Amino acid sequence: MPVIMDKIVSLCKRRGFIYQSSEIYGGFGSCYDYGPIGVELKNNIKRVWWKAMVQDRADVVGLDSAVIMSPKVWEASGHLTAGFADELVECKKCHHRFKADELKDKTKCPDCGGKLTIPKKFNLMMQTYVGPVQDEAAKTYLRAETCQGIYVNFENVLDTMRMKIPFGIAQIGKAFRNEITPGNFTFRTREFEQMEMQYFIKPGDNDKYFDEWKKQRMDWYLNNLGIKKENLRFREHSKEELPHYARKAVDIEYNYPFGFKEFEGIHDRGDWDLSNHAKHSGKDFSYFDEKTKKKYIPNVVETSGGVDRSALVVLLDAYHEEKVRKETRVVLKLDKDLAPIKVAVLPLVRNKEEIVKKAKEVYEILKPHFMSMYDDTGSIGRLYRRQDEIGTPFCITIDFDTLEDKKVTVRDRDTMKQDRVAIDKLIDFLQDKLAKR
Ligand code: GAP
């Protein structure tokens with residue numbers, strides 16, 4: 001693994017961002033748990049996405065559909081056929097397995113040079129049974145993409161929310177795929193979270209909305225998540241690699257330590273999903289256009305991002321090492337909206353009762369307003385280092401002078417500049433500093 005990935009994995013464990021799932025039993029097949037700091041980061045990413053995609057838009061509404069759906073959904077969507085399968089090859093010597101499309105030479109093992117088997121199709125759906133009897137009738141699947149829950153509710157949302165085309169339905173939730181080659185930490189896992197939006201449009205408007213959403217999504221990563229421009233790019237799919245449902249697909253890729261790779265896809269799905277669900281369910285999903293007095297099956301432009309991949313991108317992009325007085329300072333320069341903890345309250349010394357008491361009082365004042373943390377478990381230098389490593393924008397120190405002048409020292413994460421601020425002005429001061437400009 002590249003050095004920077006090792007550093008991120010170690011920081012994630014050390015500072016409570018991400019742990020290996022079922023770690024006490026030796027871990028479990030590339031599944032991960034988000035710790036107390038990681039869950040805040042992930043929630044912040046989802047909150048910022050929801051604001052941009054739902055709250056700020058009159059034409060997009062939200063949804064939270066079930067993970068387990070009728071197996072008929074997956075028959076109709078094409079996920080049970082060869083369309084949603086990877087080609088697997090195995091080395092006859094070392095028995096390592098690979099996705100055939102990721103190999104330059106599909107005959108020779110990249111690890112030991114052994115001969116590879118011929119590629120075999122491997123469906124990615126995660127199978128499960130519902131109810132006490134595990135027979136064919138009880139078999140279903142965990143959803144492989146959240147958007148199928150949106151398609152099967154298209155009519156419900158249209159009717160109950162009185163939506164007019166063009167409009168979108170957005171959803172955040174877990175998805176599951178039995179990946180052949182999970183890896184690169186949380187980049188490819190078998191359980192992950194997606195942030196998806198399906199925009200229903202009039203047939204023929206596809207290119208217009210595809211270009212519009214492509215631009216909006218890239219702008220969101222630049223301006224809302226604060227990702228560096230030079231680390232992002234678009235990549236259009238060739239005809240051969242298009243997903244089974246897509247007429248056109250463009251990925252937004254990040255320059256990970258292991259190369260440029262996708263973390264969001266924008267897809268023109270045409271009428272693939274609604275037409276197939278209409279065919280399989282017997283429902284009529286045609287839309288009556290009041291202006292033209294004509295009926296049509298809406299087409300869909302989809303934006304499909306990964307929460308876990310976004311979190312990984314955010315961590316990699318924010319990671320900095322700097323030399324400060326001959327020591328290396330590790331700091332996550334996270335966008336302030338995404339920072340798990342906004343403000344940490346730290347007593348300068350922990351063996352002085354009045355200082356500890358005052359620090360706890362200040363923490364109580366700030367806690368209802370900001371995600372805050374109180375910490376007195378080390379020297380002030382060590383406490384600053386911990387907060388820098390989790391990207392806390394402001395540290396507040398309570399010192400001997402505080403007891404006299406009722407002021408505290410506010411240290412800025414990025415500049416390390418310190419301001420003296422009166423305790424009764426602290427909420428306004430921090431609110432102003434944390435406001436998005
Ligand atoms: N509904 C379309 C769809 O699911 P996708 O390109 O297969 O499209 C969209 O997935 C996003 O979901 C990806 O860009 C990625 O961020 C995330 N994703 C997909 N498979 C993943 C996996 N195995 N592990 C982590 N994230 C994954």
Side-chain angles (χ1 to χ4, degrees), residues 18 21 29-32 34 42 45-46 49 63 65 67 69 73-74 77-79 83-86 99 101-102 122-126 141-152 168-199 210 213-214 217-218 220-221 225 227 232-237 241-254 256 258 260-270 272-274 276-277 300-316:
I18 301 173
S21 164
S30 89
C31 293
Y32 291 92
Y34 287 76
K42 215 175 167 202
I45 292 173
K46 292 191 274 186
W49 186 87
L63 184 80
S65 68
V67 166
M69 292 188 271
V73 172
W74 304 106
S77 69
H79 281 81
F84 194 61
D86 277 343
K99 271 170 88 168
D101 65 356
E102 285 179 352
F122 182 85
N123 191 274
L124 302 181
M125 295 299 292
M126 283 250 199
Y141 306 88
L142 304 184
R143 67 182 176 197
E145 53 173 9
T146 58
C147 62
Q148 291 305 324
I150 293 179
Y151 296 123
V152 298
I169 306 179
Q171 160 154 242
I172 300 177
K174 293 270 188 172
F176 302 82
R177 294 182 194 174
N178 210 354
E179 297 281 0
I180 302 174
T181 52
N184 281 325
F185 195 32
T186 53
F187 177 79
R188 186 175 291 122
T189 52
R190 296 191 171 112
E191 172 179 344
F192 52 95
E193 218 168 347
Q194 292 186 313
M195 313 182 272
E196 297 203 301
M197 194 278 312
Q198 314 297 301
Y199 204 66
F210 190 91
W213 278 110
K214 211 176 115 182
R217 295 305 302 142
M218 181 62 102
W220 186 76
Y221 285 111
L225 292 203
I227 309 298
L232 295 172
R233 73 174 191 196
F234 287 120
R235 190 183 70 81
E236 183 154 358
H237 283 220
E241 59 176 334
L242 279 178
H244 66 276
Y245 49 74
R247 297 167 18 157
K248 186 168 157 188
V250 165
D251 290 341
I252 303 181
E253 294 192 333
Y254 182 74
Y256 296 92
F258 43 90
F260 269 103
K261 295 253 185 284
E262 169 196 358
F263 66 110
E264 166 145 351
I266 293 122
H267 307 129
D268 176 357
R269 295 178 75 123
W272 168 269
D273 301 274
L274 287 185
N276 278 316
H277 284 305
V300 166
V301 170
E302 164 187 65
T303 70
S304 175
V307 181
D308 310 82
R309 281 194 197 169
S310 291
L312 182 58
V313 161
V314 160
L315 287 168
L316 285 164

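Note that the structure is a prediction, hence the values are computed from the model and not measured. Numbering of ligands and ligand atoms starts at 1, following listing order.
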Would you say Ala144 and ligand 1 have an N/O pair spaced under 3.5 Å apart? no

Does any N/O atom on Phe263 come nearer than 3.5 Å to any N/O atom on ligand 1? yes

Run the numbers for me: atoms of ligand 1, each under 4.0 Å from some heavy atom of [X], listed by number.
| X | value |
| --- | --- |
| Ser304 | 1 (N), 2 (C), 3 (C), 4 (O), 8 (O), 9 (C), 10 (O), 11 (C), 14 (O) |
| His267 | 2 (C), 8 (O) |
| Glu302 | 1 (N), 2 (C) |
| Arg269 | 1 (N), 2 (C) |
| Glu145 | 1 (N), 2 (C), 3 (C), 4 (O) |
| Gly306 | 16 (O), 17 (C) |
| Phe187 | 24 (N), 25 (C), 26 (N) |

For ligand 1, the portion of [X] having any non-hydrogen atom under 4.0 Å away:
| X | answer |
| --- | --- |
| Met195 | neither |
| Arg188 | both |
| Tyr32 | neither |
| Cys147 | side chain |

Could you check, using the six-membered ring where one of them is a Trp, whether Phe185 and Tyr32 have ring centers closer than 6.0 angstrom? yes

Is the Phe263-Tyr221 ring centre distance short of 6.0 angstrom?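 Centroid separation for Phe263 and Tyr221: below 6.0 Å.
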
Validate the cation-pi geometry between [X] and [Y]: distance from NZ or CZ to the six-membered ring centre under 6.0 Å, angle to the ring axis within 45°.
| X | Y | value |
| --- | --- | --- |
| Lys261 | Phe187 | no |
| Arg235 | Phe260 | no |
| Lys174 | Phe192 | no |
| Arg190 | Phe176 | no |

Could you go through the side chain to side chain donor-acceptor pair (under 3.5 Å) check for Asp308 and Tyr34 one step at a time? CA-CA 10 Å; Asp308 310 82; Tyr34 287 76; 2.7 Å; yes

Please report which non-hydrogen protein atom sits nearest to [atom], along with the residue it belongs to and the distance in Å to one decimal place.
| atom | result |
| --- | --- |
| atom 15 (C) of ligand 1 | Arg309 NH1, 3.6 Å |
| atom 18 (N) of ligand 1 | Phe192 CE1, 3.5 Å |
| atom 10 (O) of ligand 1 | Gln194 NE2, 3.4 Å |
| atom 13 (C) of ligand 1 | Glu262 OE2, 3.3 Å |

Nearest-option assignment for atom 5 (P) of ligand 1, heavy atoms, candidates His237, Glu264, Arg177, Glu196: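 Checking each option, the heavy atom nearest atom 5 (P) of ligand 1 is found in Arg177.
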
Output for pair (Gln198 CD, Ile169 CD1), nearest 0.5 Å, gives 8.5 Å

Mind checking the OH-CE spacing from Tyr141 to Met69? Nearest 0.5 Å is all I need. 13.0 Å

Should the pair Arg177-Glu191 be classified as a salt bridge under the 4.0 Å nitrogen-to-oxygen rule? no

Before accepting this row, confirm whether a basic side-chain N of the pair Glu196/Arg217 lies closer than 4.0 Å to the acidic partner's carboxylate O.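 No, no charged N to carboxylate O under 4.0 Å.
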
Any heavy atom of Thr189 sitting closer than 4.0 Å to ligand 1? yes

Can you say whether the rings of Tyr254 and Tyr256 are parallel (under 30°), tilted (30 to 60°) or perpendicular (over 60°)?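 Correct class here is perpendicular.
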
